Structures are given as C-alpha cells and as structure tokens.
Amino acid sequence: MLTQEQQIFEQINKASNILITFKKTWNGDAVASALALFLFLKKMDKNVEVAAEKFSLDKLYSFLPGYTDIKHELVNLRKFIISLDITNTKVSQIKYKQEENKLNFIISPQDGFFTAADISSSASGFNYDLIIAVGTPDLESLGRIYDNDTEFFYQTPVINIDHKSTNEGFGQINFIELTAVATSEIVFSLFVGFGRDLIDEDIATCLLTGMIAETKSFKTNNITPQALLTASQLMSLGARREEIVNYLYRSKSINVLKLWGRILARLSSSLDNKLVWSTLSLADFLKTNSTDKDLTDVVDELIVSIPQAKVIAIIYENKVIGQESKSEPARETNLLLYTMKNIDSLELIKEFNPTGTKSLARAIINLPIVEAEKTIINALQDKLNKLPL
C-alpha cells in the first residue's frame with residue numbers, strides 16, 4: 001500500500017496541468033509553501049500555476065521567488081466548443097464576424113450545404129487536472145477562487161496539505177501533520193522524500209520563510225527539535241535567512257511603530273490574560289499616518305509577547321468613505337479578532353455578522369467605540385467562560 005507521500009507524487013506525476021492555491025487571507029506560511037511547491041514542480045517539468053485571491057497585505061511577501069507568478073483569478077478555466085459534422089460536406093472556408101453581442105461563424109461548404117442537425121456544442125474539461133491546496137482550513141477560505149468555480153473543485157482531485165487541527169480534510173488526499181510547526185515544514189519533508197537534489201536556494205528560501213513567518217521567527221511555544229533541524233537543513237541548502245528577516249521584521253516604518261505604541265498603551269486583559277484587547281480611535285490612525293492594514297503585524301507581536309492569550313481583539317474606528325461632512329468625518333467601529341487553540345473566531349462573534357476565517361475574523365459594529373468595546377468584551381467574556389480554555 002502506498003504511503004500518503006507516495007500517493008501525492010503519484011498524482012503529481014499523472015497530472016498534466018496543476019493548480020496550487022491557498023486561502024484568501026494570505027499568511028507567510030501558506031504563500032511560501034505554495035511558491036516552494038510551484039518552483040519544485042517547475043523543476044520536475046510540470047505545467048503548474050499558482051493562484052489566490054488578491055489580498056491587501058500581499059506585498060509583504062513580494063521578495064519571495066516566484067511571487068510575480070501568482071495569479072488572482074482563474075481565467076478560461078474551461079473552453080466552449082462548437083462542433084460541425086463534416087461527414088457529408090467538407091469545408092472550404094471559415095470566417096467569423098462580431099455583430100453587437102453575437103459572434104457569427106461563416107462557414108462555406110465545398111459542395112452541398114450544412115443544416116442545424118450538423119451543429120453541436122459542448123464544454124471542454126477543466127484546464128487543470130489536479131489542485132494542491134496548502135495552509136487552507138476549508139474550501140470556502142479560498143474566497144473567490146473557489147466561489148466563482150465551485151464545480152471545478154468538486155470535479156478535480158484535490159491534495160490538501162496543512163498542519164492545523166482546524167483543517168476540514170476536504171481533499172481526496174489529506175496530508176495533515178499536527179506535529180509540524182508550519183505547512184512549509186511538511187512540504188520540505190515531501191521534497192526530501194522525492195528528491196532532495198531538486199531543492200535549490202530559492203525553494204529553500206521560500207520554505208524557511210514559511211517557518212519563520214508561522215513561528216514568529218521561532219518565538220512561539222510549539223517549536224520542536226525537528227523544526228529546528230529542518231531550519232538548519234534549509235540554511236545549509238542556501239536559504240537566505242538574513243533576507244527573510246529583513247523583509248518580514250526589519251522593515252516597519254516609524255508610523256507603524258507609533259501605532260503599535262498606542263495599541264500597547266491601551267492594552268487590557270481578563271480571564272488570566274486569555275482575553276486581550278485594545279482600542280484605537282480614528283485620531284490614532286490620522287496622527288500616526290497609518291491604516292487598519294497595519295494591525296495584523298501587531299497582533300503577531302501580541303501572540304509572541306502574551307503566550308497565554310487565546311483571543312486577541314482590536315476594536316478601532318475607521319473612516320466611512322463617501323459619507324464625510326465638512327466638520328467631522330463619518331466613522332464606524334470595527335473589530336479585528338484573532339483566536340487560537342481551536343477557538344472559532346467566526347462562531348465567537350457570530351451575532352456581529354463577521355467575515356474572515358476561523359482564526360481571524362472582522363466585523364463592523366454599529367455602535368460608538370466606547371459602547372462597542374463594552375458590548376464586544378462582555379460578549380466575549382460570557383462565551384469564553386463557557387469554553388474549556
């Protein structure tokens with residue numbers, strides 16, 4: 001009986017055209033794992049593409065080899081075919097002409113004539129015959145890549161690679177290693193099992209980026225000896241650690257650091273630091289010349305700095321575009337919620353109609369920020385008190 005690793009490469013070897021994809025809320029581990037796979041399969045002479053929904057923070061990973069090859073939509077996923085039976089009448093000339101919303105094909109027979117019975121139409125198979133999803137808990141997390149072509153995902157074999165227990169096992173092959181610290185660590189083990197000699201400096205750099213991003217530069221409390229050994233092997237294969245750290249952690253602007261300072265100054269906690277939160281006014285963003293796109297990184301810092309935290313909430317005001325007045329900008333209250341240890345962020349704040357994933361959710365709260373903070377924190381405390389934290 002074949003192992004899962006052998007099954008994966010058997011599917012890869014059989015496939016003619018492969019799609020690699022990952023969740024719409026990009027993170028370093030998923031992006032890096034996808035690009036490492038992309039580069040590795042290219043070296044295997046496979047026809048492969050990588051696609052993921054456009055994300056506001058994707059430029060953070062633009063230093064990664066292969067980044068510019070990431071597509072943001074699936075174009076021409078299948079072809080429409082018009083067939084003409086030429087058994088009895090051959091073709092001498094074919095032309096086409098567009099008239100308003102119609103495309104007319106003008107076919108001249110050599111002799112005789114064609115009838116409607118000679119014409120048929122069909123849709124071809126999909127352009128890809130294998131999908132590899134990395135670091136993605138469920139198909140819905142792919143966003144528009146999945147929503148726009150759900151039939152494609154149900155009719156095409158899926159290899160699902162992840163290290164999180166929240167993964168729903170949606171693939172025909174589900175390679176989920178809960179002891180791994182990152183999906184990129186799993187991908188490295190796959191590469192080593194198939195052909196270590198194919199791992200070059202660019203592939204090693206992608207994989208080490210995934211591990212560094214997922215472990216906050218090896219500061220999280222789930223680091224294992226195997227993870228450190230993997231990182232050491234990747235550096236021996238040419239992974240550019242200094243470049244990775246510079247791009248991920250040493251490129252923060254002074255404005256972002258000022259915003260972080262305001263978040264830290266208002267940091268509050270309850271339930272023995274299992275719930276941590278802070279608030280930001282619209283003035284905080286204006287005075288620091290920053291935006292809500294800068295908040296994700298500070299959440300990462302809080303995760304590292306407060307290891308006992310299971311839920312982190314940032315409650316902040318945002319400007320409502322198009323509703324400004326001369327005296328005062330229109331504002332709304334937003335919630336950014338990050339959860340850990342198998343706590344479903346969407347379920348935790350479902351009464352606020354959140355969007356996002358099970359680990360990172362966003363919601364708009366139709367209350368002034370002071371009142372919103374009380375409502376949100378009371379709701380979170382009530383629900384968390386009922387969970388085995």
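Note that the coordinates shown come from a computational prediction; the quantities given were computed from them, not determined experimentally.
- Between Glu99 and Lys102 there is no salt bridge, since no side-chain N of the basic residue sits under 4.0 Å from a carboxylate O of the acidic one.
- Taking the salt bridge (Lys or Arg N to Asp or Glu O under 4.0 Å) definition, one finds that Arg196 meets it with nothing, sequence neighbours left out.
- Sorted by first and then second residue, the pairs that involve residues 232-275 and meet ring-ring contact (aromatic ring centres under 6.0 Å, His included), not counting sequence neighbours, are Phe63-Tyr247.
- In this structure, Thr150 has no side-chain hydrogen bond (donor to acceptor under 3.5 Å, both in side chains) partners at least two apart in sequence or on a different chain.
- The stretch residues 154-184 participates, sequence neighbours left out, in no ring-ring contact (aromatic ring centres under 6.0 Å, His included) pair at all.
- The only member of Thr209, Leu208, Leu207 that meets side chain to side chain contact (heavy atoms under 4.5 Å, CB included) when paired with Thr205 is Thr209.
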* To do: Go through the steps to decide whether Asn334 and Glu332 satisfy the test side-chain contact (heavy atoms from CB on, under 4.5 Å), and finish with yes or no.
  => CA-CA 6 Å; Asn334 290 254; Glu332 63 184 12; 3.4 Å; yes
Contacts under 3.5 angstrom, residues 8-20 side chains, donor-acceptor by atom type, not counting sequence neighbours:
| residue | atom | partner | partner atom | Å |
| --- | --- | --- | --- | --- |
| Asn13 | ND2 | Phe9 | O | 3.0 |
| Asn17 | ND2 | Asn127 | O | 3.4 |

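- In terms of the salt bridge (Lys or Arg N to Asp or Glu O under 4.0 Å) criterion, Glu185 has no residue partners (sequence neighbours excluded).
- Taking Lys358 as the reference, Glu168 meet the salt bridge (Lys or Arg N to Asp or Glu O under 4.0 Å) condition, with sequence neighbours excluded.
- Salt bridge present: Asp200 and Lys43 bring a charged side-chain N and a carboxylate O closer than 4.0 Å.
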* Could you please spell out the steps behind the side-chain hydrogen bond (donor to acceptor under 3.5 Å, both in side chains) verdict for Asn160 and Asn167? => CA-CA 9 Å; Asn160 170 27; Asn167 191 287; 2.6 Å; yes
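- Ionic pairing of Arg266 and Asp284 is present here: one or more N-O contacts between side-chain nitrogen and carboxylate oxygen are shorter than 4.0 angstrom.
- In this pair, Trp26 and Phe55 present their aromatic rings parallel. The plane angle is below 30°, not in the 30 to 60° band.
- For residues 271-313, every residue pair satisfying the ring-ring contact (aromatic ring centres under 6.0 Å, His included) rule, not counting sequence neighbours, is listed here: Phe285-Tyr316.
- Residues passing the side-chain contact (heavy atoms from CB on, under 4.5 Å) test with Asp147: none are found, sequence neighbours excluded.
- Residues forming a side-chain contact (heavy atoms from CB on, under 4.5 Å) with Ser305 (at least two apart in sequence, or on another chain): none.
- Salt bridge Glu140/Lys24: absent, no basic N to carboxylate O contact under 4.0 Å.
- In this structure Thr156 satisfies the side-chain contact (heavy atoms from CB on, under 4.5 Å) test together with Phe126, Ile131, Phe152, sequence neighbours excluded.
- Using the six-membered ring where Trp is involved, Phe194 and Phe40 have ring planes that are perpendicular, over 60° apart on the 30 and 60° scheme.
- Between Glu53 and Lys71, no side-chain nitrogen of the basic residue sits less than 4.0 Å from a carboxylate oxygen of the acidic one, so the salt-bridge criterion is not met.
- Each ring-ring contact (aromatic ring centres under 6.0 Å, His included) pair with one or both residues in residues 342-389, not counting sequence neighbours, would appear here, but there are none.
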